[in-house]
Amino acid sequence: MAPSFCRCPSLSIALICVSLLWTSAAAEGGSSELHLNAHAILNTVGWGILLPCGVIVARYMKPFADPAWFYAHITFQIFGYAMGVAGWVTGLNLNDEDATGGDPGKHGAIGGVLFGICTLQMLALFLRPKKEHKIRKVWNLYHYALAASILILGIINIFEGFEIMSPPAKWRRTYIGILVALGGIAIMLEIVTWIYVCRKKRYSQAALHGATVGGTYHFEKGAVG
């Protein structure tokens, strides 16, 4: 059996502590350019890549690999959150005077909201009700709503950061390419998942009625797939 991150919250706490220690050490020395680059890389990878990958895993692995999808999802989210927190704390040590454009105040405000919402989302590790619990459906809606908010705010704020830093155009194009690739993967997986789920449902219904599918496969009564 795979280890449950829900039963081992110390892993996520340890990662966050390491990220905070790293950023605290960075704040003690080093140039503002180093802080700025660390802030940009940590937030882009954490909020803008790892967290979306975790959402894709949760959405599309579930029908094929249960419960492995859950552990993969939690792994992406924990590492994405830890990097995002490290990037957010690094950003707190930056001066607005270093900005070459954009609106640092707006960028910081979105970052604070993002940190708060993502922290609430991480509480799912400890507060997630069991599947049979009467409030599970409501909790799922809450969980999905926060996830959508995190993805939207994270991507928006990364582009706000691009405006502030004004890096070479290749970095913006690279991130756009990553988003397009993730979007393309999500669309393909959506199609594959729907085909798989529809076929599984059809075969299960056929099995329950003792039907013959295609004149070849005979199913006995019971769940199939």
Does a side-chain heavy-atom distance below 4.5 Å link Tyr81 with Ile78? no
- prompt: Would a distance-only check, ignoring hydrogens and angles, find a side-chain to backbone donor-acceptor pair under 3.5 Å from His107 to Glu160?
  reply: no
So, are Glu163 and Arg172 salt-bridged, with charged N and O less than 4.0 Å apart?
yes
Problem - Heavy-atom neighbours of Tyr144 OH exceed 12 at 6.0 Å - result: no
Minimal heavy-atom distance between Leu50 and Met83, with the atoms involved, is CD1-SD, 3.7 Å
Besides Leu141, the hydrophobic cluster formed by Ile, Leu, Val, Met, Phe, Trp and Tyr side chains linked at under 4.5 Å, directly or via other members, contains none
(request) Is it possible for you to say whether Phe115 and Ile152 belong to one hydrophobic cluster, with membership spreading through side-chain heavy-atom contacts below 4.5 Å? (result) yes
Those residues at least two apart in sequence (or on a different chain) that pass side-chain hydrogen bond (donor to acceptor under 3.5 Å, both in side chains) with Thr193 are none
Trp88 meets the side-chain hydrogen bond (donor to acceptor under 3.5 Å, both in side chains) criterion, sequence neighbours left out, with none
CD1 (Ile164) and CG (Asp103) are apart, to the nearest 0.5 Å, by 7.0 Å
For Asn157 and Gly111 the tightest heavy-atom approach is ND2-N, 3.3 Å
For Ile150 and Leu51 the tightest heavy-atom approach is CG2-CD1, 3.8 Å
- Answer yes if Phe79 and Ile41 sit in the same cluster of Ile, Leu, Val, Met, Phe, Trp and Tyr residues linked by side chain heavy atoms under 4.5 Å apart, and no otherwise. yes
Identify every side-chain donor-acceptor pair in residues 175-192 under 3.5 Å, counting partners at least two apart or on other chains, and give the distances.
{"unit_1": "Tyr175", "atom_1": "OH", "unit_2": "Gly48", "atom_2": "O", "d": "3.1"}
{"unit_1": "Glu190", "atom_1": "OE1", "unit_2": "Arg59", "atom_2": "NE", "d": "3.3"}
{"unit_1": "Glu190", "atom_1": "OE1", "unit_2": "Arg59", "atom_2": "NH2", "d": "3.3"}
{"unit_1": "Glu190", "atom_1": "OE1", "unit_2": "Tyr60", "atom_2": "OH", "d": "2.6"}
{"unit_1": "Glu190", "atom_1": "OE2", "unit_2": "Arg59", "atom_2": "NH2", "d": "2.8"}
{"unit_1": "Glu190", "atom_1": "OE2", "unit_2": "Trp194", "atom_2": "NE1", "d": "2.6"}

Nearest heavy-atom contact between Thr174 and Lys170 is OG1-O, 2.7 Å
Same cluster or not: Met122 versus Val45, using hydrophobic residues (I, L, V, M, F, W, Y) connected whenever any side-chain heavy atoms lie under 4.5 Å apart?
yes
May I ask you to test the Arg136-Trp139 pair for a side-chain heavy-atom distance under 4.5 Å? yes
Residues Met165 and Ala40: closest non-hydrogen pair is SD-CB, 3.5 Å
*State yes or no: do Leu153 and Ile56 share one hydrophobic cluster built from I, L, V, M, F, W and Y residues joined by side-chain heavy-atom distances below 4.5 Å, directly or via other members?*
no
- Task: Could you tell me how the ring of Phe159 sits relative to the ring of Phe162: parallel (under 30°), tilted (30 to 60°) or perpendicular (over 60°)?
- Result: perpendicular
Taken to the nearest 0.5 Å, the spacing of Ile155 CD1 from Leu114 CG works out to 10.5 Å
CG of Leu146 to CD of Gln121, rounded to nearest 0.5 Å, is 4.5 Å
Here the pair of heavy atoms bringing His73 nearest to Ala58 is ND1-CB, 3.4 Å
Sequence neighbours excluded, the answer for salt bridge (Lys or Arg N to Asp or Glu O under 4.0 Å) partners of Lys62 is none
Here the side chain to side chain donor-acceptor pair (under 3.5 Å) pairs for residues 46-57, sequence neighbours left out, are Asn43-Trp47
_Could you see if Leu123 belongs to whatever hydrophobic cluster contains Ile117? Use Ile, Leu, Val, Met, Phe, Trp, Tyr and a side-chain cutoff under 4.5 Å._
yes
